[in-house]
Amino acid sequence: MAKEDGPGGPCYKVSLRPMTIVDHLECSYTGTRYEAGKLHNLSGEGWPLLVRYDLAKARESWNREWIADGPRSMWRYAPVLPVKNPANIVSLGEGWSPLVRTPRLAKTLGCEQLWVKDEGINPTGSFKARGLSCAISMCKELGVKKVAIPSAGNAASAMAAYAAAAGMEAHIFMPQDVPQANYIECKSFGAHVTLVNGLISDCGRIVGERKDAEGWFDVSTLKEPYRIEGKKTMGYELAEQMGWTLPDVIFYPTGGGVGMIGMWKAFEEMEQMGWIGSRRPKMIAVQATGCQPIVRAFEQGTERSEFWQNATTVSSGLRVPKPLGDFLVLKAVRQSGGTAIAVTDEESLDWGIELAKQEGMFVAPEGAACVAACQHLLNSGFLKPSEKIVIYNTGAGLKYLEAYATRFPRTALPVDSLSMISPR
Ligand SMILES: *Cc1c(COP(=O)(O)O)cnc(C)c1O
């Protein structure tokens, strides 16, 4: 792909009718307005900021049929993304991931219509690429030179890749037990990596304490407004791939909950532009039993979650003990008539291997956790077999070789014992 063509090739400019129509930013809790086109972290009150667009204008000047001519990446939705100057877009071809029908797995689970949205094909092997492509593009547009992130793994890999592509300095703080893939990727991309003997929450505190003195822009989950915008494209894409309809049920592996918040926002935006109706899928937040703050808050009927002590799970993307946007996740789950459910790591790995065997897709344990959760909710009767179900696989199984390796101990046999003809 020639750089001059822009991301996604020559069609790119077509999808930029009209240019982005960002109106303002808004505190997700109080509704206070903030000016667009400036660097922002949290709102003054300490809550995540959301980007608001002039959707009435979009409704008049943009047609969903034009999107088909757009680039085959998430930038096909550029008019509802925040970047003003297309030259600032930092793209590695993220998004436009396949929505794969999985009939054998459906049969095993006892349902009729099941799809897996496979985010494992994204650059750096996870859907974090969507959020970081958008966030790093905005950093470029707003003149940021150094970025920093605390991460449980995949966000760090994605940030390191996009920072490298943008020529920015990247500073990464990760728990020392993150999967090898994340560590090796970040180092390969030339980031400054610090492994911390602690959790992502400890890493976040360190970045918070040092960023001003170091001149870093903090790209932590939900502490800047644009990762949500990138991740919301999963919602636009799903609607487009299903012929501008939505499924009955969405399973989403929930760590920080950014994807859930983003998709919920996308559905609202599409409704305001007249692209879809008011019906929403049941949103199912899936967590691991070793770290389930959202599930506990959902069951206790509270608006916010409490810090989950001693969080452990092989699904590193789900190891977020206190999501900053918990109230937004819980709102989406409740308003949609969905639920929150936790599964064990053993179940996740079992279903990951089952899915691989049956459908030829090797998924992250986070995605596999959704398969396990789906089985529970079909068995309990919460879901009917006739419902249209979409499972988000958020990452590639290849990034979790340590976890899957526990299931396949290696044994080698002596050469002699394998020969058909016995040696003389
Ligand atoms: C980060 C991550 C998650 C959780 O994503 P959120 O949108 O923050 O909830 C799930 N799966 C994988 C593979 C991840 O990397």
Side-chain angles (χ1 to χ4, degrees), residues 48 94 97 116-132 134-135 149-161 174-175 178-179 181-182 185-186 200 203-204 219-224 227-235 250-266 283-288 291-295 305 311 313-326 328-330 332-333 340 342-343 345 348 352 361-371 373 391-400 403-404:
E94 52 292 319
S97 65
V116 174
K117 177 83 170 141
D118 191 6
E119 293 290 308
I121 58 91
N122 274 298
T124 69
S126 89
F127 76 135
K128 292 291 193 303
R130 295 179 187 260
L132 272 308
C134 190
I149 201 168
S151 166
N154 288 326
S157 301
M159 191 190 82
M174 307 195 274
V178 288
N182 298 123
E185 279 178 296
C186 292
I200 185 173
C203 299
V219 196
S220 298
T221 305
L222 292 176
K223 288 191 184 164
E224 62 74 55
R227 283 173 62 187
I228 299 181
E229 294 304 296
K231 279 193 174 181
K232 86 178 178 191
T233 57
M234 289 192 296
I250 289 179
F251 280 87
Y252 185 75
T254 307
V258 185
M260 175 83 89
I261 297 166
M263 282 194 276
W264 196 247
K265 183 172 188 282
M283 304 297 281
I284 317 283
V286 179
Q287 300 205 291
C291 182
Q292 43 170 320
I294 295 289
V295 175
S305 66
T313 166
V314 297
S315 297
S316 48
L318 306 187
R319 203 165 54 152
V320 183
K322 174 71 177 99
L324 192 58
D326 49 8
L328 296 169
V329 175
L330 287 159
V333 169
V343 302
D345 284 356
S348 297
M361 302 167 77
F362 186 38
V363 306
E366 289 87 339
C370 292
V371 182
I391 283 174
Y392 273 83
N393 169 45
T394 42
L398 285 175
K399 299 201 78 172
Y400 297 82
Y404 281 110

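Index from 1, following the sequence. Counting starts at 1 for both ligands and their atoms, in listed order.
For ligand 1, the atoms sitting less than 4.0 Å from at least one non-hydrogen atom of Asn154 are 13 (C), 14 (C), 15 (O), numbered in the order shown with element in parentheses. Residue Tyr400 has at least one heavy-atom neighbour below 4.0 Å for each of these atoms of ligand 1: 13 (C). Below 4.0 Å from some heavy atom of Pro253 lie the following atoms of ligand 1, by number and element: 4 (C), 9 (O), 10 (C). Close approach to Val258 involves these atoms of ligand 1, each under 4.0 Å from a residue heavy atom: 6 (P), 7 (O), 8 (O), 9 (O). Of all atoms in ligand 1, numbered sequentially from 1 with element shown, those under 4.0 Å from a heavy atom of Gly259 are 7 (O).
Between Lys265 and Glu229, at least one side-chain nitrogen of the basic residue sits less than 4.0 Å from a carboxylate oxygen of the acidic one, meeting the salt-bridge criterion.
The protein non-hydrogen atom at the shortest distance from atom 9 (O) of ligand 1 is Gly257 N, 2.6 Å. Looking only at protein heavy atoms, the nearest one to atom 5 (O) of ligand 1 is Phe127 CZ, 3.2 Å. Looking only at heavy atoms of the protein, atom 11 (N) of ligand 1 is closest to Thr394 OG1, 2.6 Å. Here the heavy atom of the protein found nearest to atom 7 (O) of ligand 1 is Tyr252 OH, 2.5 Å.
Looking at Lys128, Arg227, Lys399, Lys231, it is Lys128 that brings a heavy atom closest to atom 15 (O) of ligand 1.
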Applying side chain to side chain contact (heavy atoms under 4.5 Å, CB included), run through Glu119 and Asn122 and close with a yes or a no. CA-CA 6 Å; Glu119 293 290 308; Asn122 274 298; 2.8 Å; yes
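Panel note: side chain Arg227, backbone Val219; a donor-acceptor pair is recorded below 3.5 Å. Ser151 places a side-chain N or O within 3.5 Å of a backbone atom of Ala156 that can act as its donor or acceptor partner.
For a threshold of 3.5 Å applied to N or O pairs, the pair formed by Leu318 and ligand 1 contains no separation below that value. At least one N or O atom of Gly256, backbone or side chain, sits closer than 3.5 Å to an N or O atom of ligand 1.
The shortest heavy-atom distance from Tyr392 to ligand 1 is not under 4.0 Å. Thr254 counts as a contact of ligand 1, since one of its heavy atoms falls under 4.0 Å from the ligand. For the pair Glu119 and ligand 1, no heavy-atom separation below 4.0 Å is found.
In plain terms, the two heavy atoms of Met174 and Cys186 that are nearest each other are CE-SG, 4.2 Å. Contact detail for Ile121 and Asp118: the closest heavy-atom pair is CG1-O, 3.4 Å.
To the nearest 0.5 angstrom, Tyr392 atom OH is 16.0 Å from Glu366 atom CD.
At a threshold of 4.5 Å between non-hydrogen side-chain atoms, the residues Ile261 and Leu222 count as touching. Between Pro175 and Arg319, the closest side-chain pair of non-hydrogen atoms falls below 4.5 Å.
Side-chain contact annotation: Lys117 with Ser97, donor-acceptor N/O pair under 3.5 Å present.
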